[in-house]
**Q** 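Can you read through this structure? Questions will come right after.
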Amino acid sequence: MIKAITGTKDILPSDIPKWRYIENLVRTTFEKFNYSEIRTPIFEETRLFARGIGEETDIVSKEMYTFEDRGGLSITLKPEMTAAVVRALIEHSLQKKSQLNKLFYISPMFRQERPQAGRLRQFHQFGAEAIGSNDPFLDAEMIVIAYSILNQIGLKNLTVTINTLGIPSEREMYKNELRGYLKDHYNRLSNESKRRYGTNILRIFDSKEEQDIEIMKDAPLLIDFLGTQSLEHFDKVKNALAKLGIKYEIEPRLVRGLDYYTHTTFEIASGSVGSQSALCGGGRYNGLVAQLGGDDLPGVGFAAGIERILLACENENILDFPQDKIDVYVALLDKNLNDDSFILTNRLRQKGLKAECDYLSRSLKAQMREANKLNASYVLFFGGEEYKDKKAVLKNMESGVQADISIDDIESIVEKIKRG
RNA sequence: GUGAGCAUAGCUCAGUUGGUUAGAGCACCUGGUUGUGGCCCAGGAGGUCAUGGGUUCGAGUCCCAUUGCUCACCCCA
């Protein structure tokens, strides 16, 4: 049996209502905030991501789906959206048409990691990018939008964490200081932290090892290395969130694994999923547009994982949709009239009804069971004795009441069914 | 990339110290008298017990390998 590629999932008809609900909610919410949808290709030149996300990040160094096309060009399935949106903005000079571009997307993403709960190789994100302004209100707006969507879905158990990374020069200064501090304690660090010392020194703050926690207690803090402007930016974000009634925690360890972040970073996590608890993450990226060859434009954005949101929903028992209904099932009594029944069903469909008929030459009982399974509001019995008088029997499936109705007068059949 | 666990019907799972034709519930199909659903009743179909080897008189059950899935680490949505 040929099966779907590891880490990919079919979204089956029974799953679709949930997906559509979330997609609709995402679209209407973004519209309220005046974001316009953007769609970019599923793949890009590999160097876009290498340059945009950072060669040394985990995503680029070990998780990308990269291959050569027949022309020898290195291509990568998009592992995240920001670099692609920025590329499109630059390529089409969107910043010339409007100083601030507020864009949103819903799209599949690809990362070749080992799958686990809440982690797939093809997964779906919705998210936004606001490019062209350094206003801290936009940082706050990202959190507000994401939180609002999760909130409307009905998720509880959410925590918003924020942090600031300042600007690259401040961060470099700080990392040097931290490196100096940890050098003296290097031998006492756990093996994992020793590794991080070389790769991603800030993540040593994340360690759960007792000796590491002890050491990090007295470590220098990034906040002490931030300039006035960075501090003010962060303050404005915090104040905006407070006034909008969004509770947050400041988490100095929230660094995020993408190189392009500056100033604000944030994450919304759920206690209702497994160990991959981040439903949403984002931050500001003021150097990225220039780095990808565009004007020196500030930007901020976020992405949320739809599968993780659905996982949280499942564990919180929400997003339970009522079964779909059809308006009418045409039950055929006389097999010789199969053609007429099919044509009648299609007339009803043309008049706007959700109508179904039998395609399996099944017994009346079986047809009725089918109508019931389809949650039909009405059944139209076609081809019985009443057919001689050009009539059929229309039955209300809820009340059980049934009456003859003229089959030539489609309008009145439709009328009656629509009225309920 | 590293580690652990699991693999029996479409789904969720039983299957007793290895012992005849491998079971249940749900779902599916057909019926329960002339042309009527849900509930109920009767019956039916559906499994090379993941695959390949091995041990044994005998393997769904024990051993090995392979594949797949799941969860966790790293990291991230």
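All chains are named by letter (A, B, ...) in the order of the sequence lines, taking the proteins before the strands, and each is independently numbered beginning at 1.
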**Q** Looking only at side-chain atoms of A:A117, point me to the closest of B:rU30, B:rA72, B:rC73.
**A** B:rA72
**Q** Between B:rU17 and B:rU56, how far apart are the two C1' atoms, rounded to whole Å?
**A** 16 Å
**Q** How many angstroms lie between CG in A:L360 and CD in A:E370, if you round to the nearest 0.5 Å?
**A** 7.5 Å
**Q** Which one, B:rG35, B:rC71, B:rC75, comes nearest to the side chain of A:Q276?
**A** B:rC75
**Q** Tell me which nucleotide, if any, is Watson-Crick or G-U wobble paired with B:rG60 when both distances must be under 3.5 Å.
**A** none
**Q** Using the C1' atom as the point on both nucleotides, what is the distance between B:rG58 and B:rU66, in whole Å?
**A** 26 Å
**Q** Can you classify the ring geometry of A:F30 versus A:Y35 as parallel (below 30°), tilted (30 to 60°) or perpendicular (above 60°)?
**A** tilted
**Q** Using a cut-off of less than 4.0 Å, is there contact between a side-chain N or O of A:R362 and OP1 or OP2 of B:rC29?
**A** yes
**Q** Would the distance check show the side chain of A:Y260 and the main-chain N or O of A:V289 forming a donor-acceptor pair, the cut-off being under 3.5 Å?
**A** no
**Q** Does A:R369 make a side-chain N or O approach to OP1 or OP2 of B:rG38 shorter than 4.0 Å?
**A** yes
**Q** Of the listed nucleotides (B:rC74, B:rG31, B:rC28), which one gets closest to any side-chain atom of A:S363?
**A** B:rG31
**Q** Got a salt bridge between A:E316 and A:K156, using NZ or NE/NH1/NH2 to carboxylate O under 4.0 Å?
**A** no
**Q** How far, in whole Å, is B:rC71 from B:rG25 if one measures between their P atoms?
**A** 30 Å
**Q** Is the aromatic ring of A:F381 within stacking range of B:rG35, meaning centres under 5.5 angstrom and planes under 30 degrees?
**A** no
**Q** Check the phosphate of B:rC73 against A:S275, side-chain N and O only, distance under 4.0 Å to OP1 or OP2. Yes or no?
**A** yes
**Q** Which nucleotide in the set B:rG38, B:rC75, B:rG68 lies at the smallest distance from any side-chain heavy atom of A:K3?
**A** B:rG68
**Q** Do any side-chain nitrogens or oxygens of A:Q402 fall under 4.0 Å of OP1 or OP2 in B:rG35?
**A** no
**Q** Could you check A:M368 against A:P115 and say which one's nearest nucleotide on RNA chain B is further toward the 5' end?
**A** A:M368
**Q** Looking at A:K373, does any N or O in its side chain come under 4.0 Å of the phosphate oxygens OP1/OP2 on B:rC28?
**A** yes
**Q** Any chance the side chains of A:N346 and A:R349 put a donor and an acceptor closer than 3.5 Å?
**A** yes
**Q** Expressed as a whole number of Å, how far does the P atom of B:rA24 sit from that of B:rG15?
**A** 15 Å
**Q** Both A:E307 and A:R114 contact RNA chain B. Taking the nearest nucleotide for each, which residue is further toward the 5' end?
**A** A:R114
**Q** For a quick test of reading the model: is some side-chain N or O of A:K365 closer than 4.0 Å to OP1 or OP2 of B:rU33?
**A** no
**Q** Considering only side-chain heavy atoms of A:Q116, which listed nucleotide, B:rU36, B:rA72, B:rC28, is closest?
**A** B:rA72
**Q** How far does the C1' atom of B:rG53 sit from the matching atom of B:rC13, given to the nearest Å?
**A** 29 Å
